[in-house]
There are 2 protein chains.
Amino acid sequence: MKSRRDDLVETALNLFYVHGFNATGIDRILSESGVAKMTLYKHFRSKDELILAALQLRDERFRNWLMAEMEKSSTDPEERLMAMFPALETWFLGKAFKGMGFYGCAFINAAGEFGDQAHPAHRLAAEHKRRIVDYLVELCRDAGLPDPEGLAEQLALLKEGAIATAHVRNMPEAARTAEKMARVLIESAKARRGNPAE
Amino acid sequence: MKSRRDDLVETALNLFYVHGFNATGIDRILSESGVAKMTLYKHFRSKDELILAALQLRDERFRNWLMAEMEKSSTDPEERLMAMFPALETWFLGKAFKGMGFYGCAFINAAGEFGDQAHPAHRLAAEHKRRIVDYLVELCRDAGLPDPEGLAEQLALLKEGAIATAHVRNMPEAARTAEKMARVLIESAKARRGNPAE
DNA sequence: CATAAAACAGACAGGTCTGTATATTTGTCA
DNA sequence: TGACAAATATACAGACCTGTCTGTTTTATG
């Protein structure tokens, strides 16, 4: 059972994602969700709070989707890591979230609009990224890969690069580029296991 | 001799970069640049045109800076490629452009606010990224590296990933992560030279 | 069914935004 | 100095923005 609050946050997330935060007025969110203005301000103190709620929903939904994609691919941790990249490609192609095309990463976009590191939306974006890195570290550890923290940071950086490239340049194939790079980097890390010369 | 138009575009670029495009009103650009409103609309038809002019200035200035940083590092093409990453780090630390802190990539930010691929600002962002890739391809070729186009795309992807990571998570050290990755990828490409098995 | 909470419609205040109009001042160059 | 172009200040129109207020209707629950 979806509450009016859920309708609101859902609609807000979609509009913010497609058109940006500052460019999306609450009147549009209200008319598209069919919710009255007073109801909005009963649930949220301000538009900023609605933005935060939308980003929290996005964080939860995106990470759940990504982890599910990775985990359904295999039971092997290393294969699960590599499964991140085909998952990204389906996202880039607009096939990941129903009724929602690809407009880049909502959190990179949020950090762009709210450039100040102290802004709550920017902090939320940083948290989102950190949570994903944490998950990758876990998988690297399970896979028995050397320097799991360092390798997870590398894979996360590939993910960010693929997202930015796919969106700005309209190049969904960036996922495949990142995939190839990940393979090389993981093999290189393995080759240096116990042989960390240089 | 700087014209009023230059003052306008310069101030606009700074404000757009720090606060975002939609969040920056013309009145603020006018008051900070000390230019009258009618002068703006004599030089530009609309705010959108001013945004495009600011992004064009940014494109020119950023690429000139990056290429100069890379070229002053060495005469060897491969070393020049690798010099991109220390250059990125000085940027992330706010030491690249005087009086201008680091607020991510202006073009990633623009693509975020103007999500539609057909929007002129988004297209300009894509062009900016393509021009940088072109330069990297050229360097890869000069360095005699195999598959220069593919390798340049990889290095560009590392650059995007480092930028996004440095900005969203406030991690300037992402430049060093990307640098290490680049070294591995270049060595791997060389090792497969004439031996493109698998 | 009765009652209370929730959501509704719609107007409105106060501010900000882009863009225009008008009239005055500044600067340049002959 | 005189003439012309450029930039200025200021006011304003019209739209949009967030957030508030009032009163009505719907919905859920006992």
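Throughout, protein chains are lettered first and strands after them, A, B, ... in sequence-line order, and every chain is numbered starting at 1.
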Q: For the side chain of A:Tyr41, starting at C-beta, report the closest nucleotide among D:dT8, D:dT18, C:dC8.
A: D:dT18
**Q.** Atom pair distance, as rounded to whole Å: CD1 in A:Ile29 and P in D:dC17
**A.** 10 Å
Q. Do B:Leu13 and B:Phe44 sit in the same hydrophobic cluster, where Ile, Leu, Val, Met, Phe, Trp and Tyr count as joined when their side-chain heavy atoms come under 4.5 Å apart?
A. yes
Q) Can you find a side chain N or O atom of A:Arg5 that sits less than 4.0 Å from OP1 or OP2 on C:dA7? A) no
Q: Select one nucleotide: of C:dT18, D:dT18, D:dT8, the one nearest the side-chain heavy atoms of B:Asp27.
A: C:dT18
Q) Rounded to the nearest Å, what distance is computed from the CG atom of residue B:Asp6 to the C1' atom of nucleotide D:dA6? A) 15 Å
Q.
On the nucleotide D:dT8, are OP1 or OP2 found under 4.0 Å from the side-chain N or O atoms that B:Thr39 carries?
A. yes
Q.
For A:Phe107 and A:His128, I'd like to know if the aromatic rings sit close, meaning centre-to-centre distance below 6.0 Å.
A. yes
Q. Just how far, in rounded Å, is P of D:dC17 from CG of A:Leu40?
A. 14 Å
Q. Side-chain heavy atoms under 4.5 angstrom apart, residues restricted to Ile, Leu, Val, Met, Phe, Trp, Tyr: same cluster for B:Val137 and B:Leu66?
A. no
Q) Side chain of B:Lys37, base of C:dG19: donor and acceptor closer than 3.5 Å? A) yes
Q) Under 6.0 Å between ring centres, would you say that holds for A:Phe97 and A:Phe102? A) no
Q | Nearest-0.5 Å distance that lies between atom OG1 in B:Thr24 and atom NZ in B:Lys47 | A | 6.5 Å
Q.
From NZ of B:Lys42 over to C1' of D:dT8, roughly how many Å is that when rounded to an integer?
A. 10 Å
Q) What integer distance in Å separates A:Met38:CE from D:dT24:P? A) 16 Å
Q: Please report, rounded to the nearest Å, how far the P atom of C:dC8 is from the CG atom of A:Leu8.
A: 9 Å
(Q) Is there a side-chain contact between A:His43 and the phosphate of C:dA6, meaning an N or O under 4.0 Å from OP1 or OP2? (A) no
Q: Could you work out which one of C:dC8, D:dA7, D:dT20 sits closest to the side chain of A:Arg4?
A: C:dC8
Q.
Could you tell me how far apart A:Arg28 (CZ) and D:dT18 (P) are, to the nearest whole angstrom?
A. 12 Å
Q: Quickly work out the B:Leu30 CG to D:dA9 C1' distance and round it to whole Å.
A: 12 Å
